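Structure, as structure tokens:
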Amino acid sequence: MSVRVRFAPSPTGNVHIGNIRAALFNWLFARHAGGKFLLRVEDTDRERSTDEAIRTLLACMEWLGLDYDEEPVYQSRQTARHVAVAEELIRKGAAYRDAKGGGGECVIFRMPKEGRIEYTDLVKGTIRKKAEDTQDFVIVRSDGTPVFHLANVVDDVDMAITHVIRGDDHVENTFKHIELFKAIGAPLPQYAHLPMIVNNQGKPYSKRDGAAFVGEFKEQGYLPEALFNFLLLLGWAPGDDREVLTREEMVQLFTLDRCKSSAARFDIKKLVWMNGEYIRRQPREVFAAEFVSRVRAAGLSTEGADLAGIMDQMQIRTKFYSEIPASCAYFFTDDFPFDAKGVEKRLKAEGVPELLDEVAEKYAALPAFDLQSTHDVLAALGEARGTGLGSMVHPVRVAVSGLTEGPGLFELLVLLGRDKVCARLRQVARRLRDGAL
RNA sequence: GCGCCCAUCGUCUAUCGGUUAGGACACAAGGUUUUCAUCCUUGGAAGCGGAGUUCGACUCUCCGUGGGCGCGCCA
């Protein structure tokens, strides 16, 4: 029988990373097996399940490349079917009406009273429980609406789901679900329960622990491929030492028996590293497209700039695309901001304006303005003053870029070009004398 | 309280009875008295405790301990 799995989120307006990870594992499992990955929107909470919330959900899935097969099923449209199944269960004697709890009569499902219920979890192994430790439970509320367990199982039956891959927090529910499947007379799916993503305290990772929703990662400049890869490594490993994998490798290598059964802490530092790793590995055209669009979106013009040279320098040191305008503005405009600490530390020192003027003068007189010559001028000056190259480099860097970090200074100078460099050095010297910086 | 699940470096993990317990992130040092980053090299860093099974346990079993989850007319 061919594999059919589903992602069954209830749209709340935000998509939690723990949730999307379940989607990711389901997707990988389906793609690996050549089966179907289905989407079921559990929108029975009409308050929160707005059209907007559903759009957010779909957008997050698309962003991560989690494409689904067949039309999405909207659970709220299946209510009549759920209730009909409950009626059927009453007829079979598997459920009964009761009025003890709230208002009117609800429908309660009968759990076995003796023996044991057990199943083989594809990641956790055999899980069993004595029947006496289970209790009958409500499947239709007294207002006539179906409860999660019923809806979930009936939909899985109707969608012919073969494998239920979901969070750890459902291991207990599975006993109820199995009995429901049996009572309905439907074949049991196989189960796989994924460990949870937890915070430093071992509690389920939540918005209080940092970015917890897919949308936040997107806003903060994470690449979907990096997030995807990182989330996969939380609970799964290929078995060899590879960590950065292509989507194809993931699909090919993914199996549930390689999933871990213990919870994983969310370590943002590794995600940050991985994001930089993905940016570095991107083909130049991809990086270039993103780079240019970020620069232009910040209102800067790339006219006349040595884009290829700049990108050579910047691709290896970019961790987030979102930081590009700030880290590169000085390449594209003379009106760039100065880092206050850098100014204080490198420019507000005795003799700096004179130094900058002198450098400008020497640079202007150079027969060729290149890596070697620009370096030699500063080296000679440092030598003459007995202060070394470092004390030349730092003020010049801040003067021409406003920043204390960036490409190697001489690479940076050549990329800017002699005219801009000299003009900026003189301008900064003037502003320093005028106390305007 | 009852039940279920889990337990390797600080973190993510490899190991499926025999390894100097490997890799990655992070950290530290060096290559690099021009920064940041990249790259390379090096370093420190782990089997929760106790029994048992076995010639031999990180690995299997049991008992503790710790943590998580479940026990809704929530999903």
Side-chain angles (χ1 to χ4, degrees), chain A residues 8-10 12 42-45 48-49 75 98-108 121 123-125 127-130 132-135 137-149 151-152 167-176 193 195-198 200-204 230 232-244 257-258 260-274 276-277 280 313-319 327 342 346 375 378-379 382 387-398 401 403-412:
Chain A
S10 73
T12 61
E42 302 208 335
D43 58 345
T44 49
D45 182 341
R48 298 200 288 178
S49 300
Q75 189 163 69
D98 193 282
K100 46 174 160 308
E105 279 197 327
C106 61
V107 180
I108 295 181
D121 190 285
V123 349
K124 289 182 184 294
I127 297 179
R128 63 184 122 229
K129 185 165 195 151
K130 291 200 282 287
E132 63 194 72
D133 290 325
T134 67
Q135 289 180 331
F137 59 96
V138 174
I139 52 175
V140 178
R141 298 184 192 90
S142 45
D143 67 359
T145 58
V147 162
F148 164 73
H149 302 294
N152 193 266
D168 229 351
D169 47 339
H170 284 295
V171 287
E172 296 280 338
N173 289 335
T174 304
F175 295 112
K176 295 176 181 168
H193 288 98
M196 317 209 76
I197 296 177
V198 299
N200 292 327
Q201 284 75 244
K203 307 275 187 200
F230 175 75
L232 174 60
L233 258 26
L234 251 33
W236 180 88
D240 53 33
D241 288 337
R242 281 180 288 180
E243 293 211 317
V244 179
D257 60 14
R258 294 214 58 84
K260 270 200 48 157
S261 52
S262 54
R265 279 180 170 71
F266 188 88
D267 178 18
I268 193 79
K269 289 214 178 118
K270 187 155 184 175
L271 210 208
V272 170
W273 163 78
M274 191 166 274
E277 194 67 15
R280 266 172 256 129
Q313 292 296 323
M314 297 313 295
Q315 185 162 2
I316 56 168
R317 60 194 96 220
T318 298
K319 283 209 156 46
S327 65
R346 305 298 187 186
H375 166 272
L378 294 197
T387 53
L389 185 57
S391 61
M392 305 292 110
V393 163
H394 297 302
V396 171
R397 171 189 297 285
V398 177
S401 76
L403 302 175
T404 55
E405 54 181 57
L409 179 65
F410 307 108
E411 282 80 1
L412 192 163

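For clarity, every value in this text was computed on a predicted model and none was experimentally measured. Chain letters run A, B, ... following the sequence lines, proteins first, then strands; residues in each count from 1.
Taking atom P in both B:G68 and B:U8, one finds a spacing of 15 Å when rounded to whole Å. Spacing between B:U19 and B:C4 at atom C1', rounded to whole Å, works out to 35 Å. Comparing B:U54 with B:A45, their P atoms are spaced 35 Å from each other, to the whole Å. Comparing the P positions of B:C58 and B:U20 gives a spacing of 13 Å, expressed to the nearest Å. Between the C1' atoms of B:C25 and B:A46, the separation comes to 16 Å (whole Å). Taking atom C1' in both B:G50 and B:G66, one finds a spacing of 15 Å when rounded to whole Å. Look at the C1' atom in both B:A7 and B:U59: the space between them is 13 Å, to the nearest Å. Taking atom P in both B:C69 and B:G64, the straight-line distance is 22 Å, to the nearest Å.
Of all heavy-atom pairs spanning A:Asp168 and A:Pro195, the tightest one is OD2-CA, 3.5 Å. The two residues A:Met274 and A:Phe230 make their nearest non-hydrogen contact at SD-N, 3.6 Å. Of all non-hydrogen atoms in A:Val123 and A:Lys260, the two that sit nearest each other are CG2-O, 3.9 Å. Considering all non-hydrogen atoms of both residues, A:Val140 and A:Cys106 come closest at O-CB, 3.1 Å.
Annotation: side chain of A:Thr44 is not in contact with side chain of A:Phe148 (no heavy-atom distance under 4.5 Å). Considering only heavy atoms from C-beta on, A:His394 stays 4.5 Å or farther from A:Thr404 through its side chain.
A:His193 NE2 to A:Asn173 CG: the interatomic distance, rounded to the nearest 0.5 Å, is 7.5 Å.
Note on A:Leu409: a base of the nucleic acid sits closer than 4.0 angstrom, heavy atoms only. Within 4.0 Å of A:Phe410, counting heavy atoms only, lies at least one base atom of the nucleic acid. Among the protein residues, A:Gln135 comes within range of the sugar-phosphate backbone only, with heavy atoms under 4.0 Å from sugar or phosphate atoms but none that close to a base. The residue A:Asn173 sits close to a base: some heavy atom pair falls under 4.0 Å. Across all strands, A:Arg265 comes closer than 4.0 Å only to sugar-phosphate atoms, never to a base (heavy-atom distances). Using a 4.0 Å heavy-atom distance criterion, A:Gly408 is classed as a base contact. Residue A:Gly235 is classed as a sugar-phosphate contact, given heavy-atom separations below 4.0 Å to backbone atoms only. Heavy atoms of A:Pro204 sit under 4.0 angstrom from primed sugar atoms or phosphate atoms, though from no base atom. Looking at heavy-atom distances under 4.0 Å, A:Ser261 makes contact with sugar-phosphate atoms alone, never a base. Note on A:Gly239: only backbone sugar-phosphate atoms sit closer than 4.0 angstrom, heavy atoms only; bases stay farther off. Residue contacts for A:Lys319: at a heavy-atom cut-off of 4.0 Å it reaches the sugar-phosphate backbone alone, with no base atom in range.
Heavy-atom distances to RNA chain B give each of A:Arg128 and A:Pro146 a nearest nucleotide, and the one nearer the 5′ end belongs to A:Arg128. Each of A:His149 and A:Glu411 was assigned the nucleotide of RNA chain B with the nearest heavy atom; the assignment lying further toward the 5' end belongs to A:Glu411.
Atom CD in A:Glu172 sits roughly 9 Å away from atom P in B:G70 (whole-Å rounding). Put simply, NZ on A:Lys260 is 12 Å from C1' on B:C58, counting in whole angstrom units. Separating the CG atom of A:Asp121 from the C1' atom of B:C69 is a distance of 14 Å, rounded to the nearest angstrom. A:Asp267 has its CG atom 10 Å from the P atom of B:U11, to the nearest Å. For the pair A:His375 NE2 and B:U35 C1', the computed distance is 14 Å after rounding to whole Å. Distance, A:His170 NE2 to B:G72 C1': 15 Å, rounded to whole Å. Between A:Arg242 atom CZ and B:G22 atom C1' there is a gap of 16 Å when expressed in whole angstrom units. At whole-Å resolution of the value, CD in A:Glu277 and C1' in B:C39 are 11 Å apart.
Shown here, B:C2 forms a base pair with B:G70; the pair counts as Watson-Crick or G-U wobble because both key distances fall under 3.5 Å. Base pairing annotation: B:G18 forms a Watson-Crick or G-U wobble pair with B:C55, both donor-acceptor distances under 3.5 Å. Figure legend. B:C25 is base-paired to B:G10; pairs are counted as Watson-Crick or G-U wobble with both atom distances under 3.5 Å.
Contact annotation: side chain of A:Lys270 to base of B:A24, donor-acceptor pair present below 3.5 Å. Put simply, the side chain of A:Ser142 and the base of B:C73 share a donor and an acceptor less than 3.5 Å apart. At a cut-off of 3.5 angstrom, counting only N and O atoms as typed in the model, there is a donor on one side and an acceptor on the other between the side-chain of A:Arg317 and the base of B:C36.
Closest contact between the side chain of A:Ser10 and the listed nucleotides B:A75, B:C5, B:A24 involves B:A75. Side-chain atoms of A:Ser262 lie closest to B:A7 of the nucleotides B:U35, B:C12, B:A7. When the nucleotides B:C36, B:C2, B:C73 are ranked by their closest atom to the side chain of A:Asp133, B:C2 comes out on top. Comparing B:U34, B:A75, B:A24 by their nearest atom to the side chain of A:Val393 picks out B:U34.
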Next item on the list: Any chance you could lay out the salt bridge (Lys or Arg N to Asp or Glu O under 4.0 Å) test for A:Arg265 and A:Asp267, step after step, and finish with the verdict?
Entry: CA-CA 6 Å; A:Arg265 279 180 170 71; A:Asp267 178 18; over 6 Å; no
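Between the side chains of A:Arg397 and A:Ser401, no donor-acceptor pair of N or O atoms lies under 3.5 Å.
Between A:Lys203 and the phosphate of B:C69, there is no side-chain N or O to OP1/OP2 separation shorter than 4.0 Å. At the phosphate of B:U15, OP1 or OP2 sits under 4.0 Å from a side-chain N or O atom of A:Arg258.
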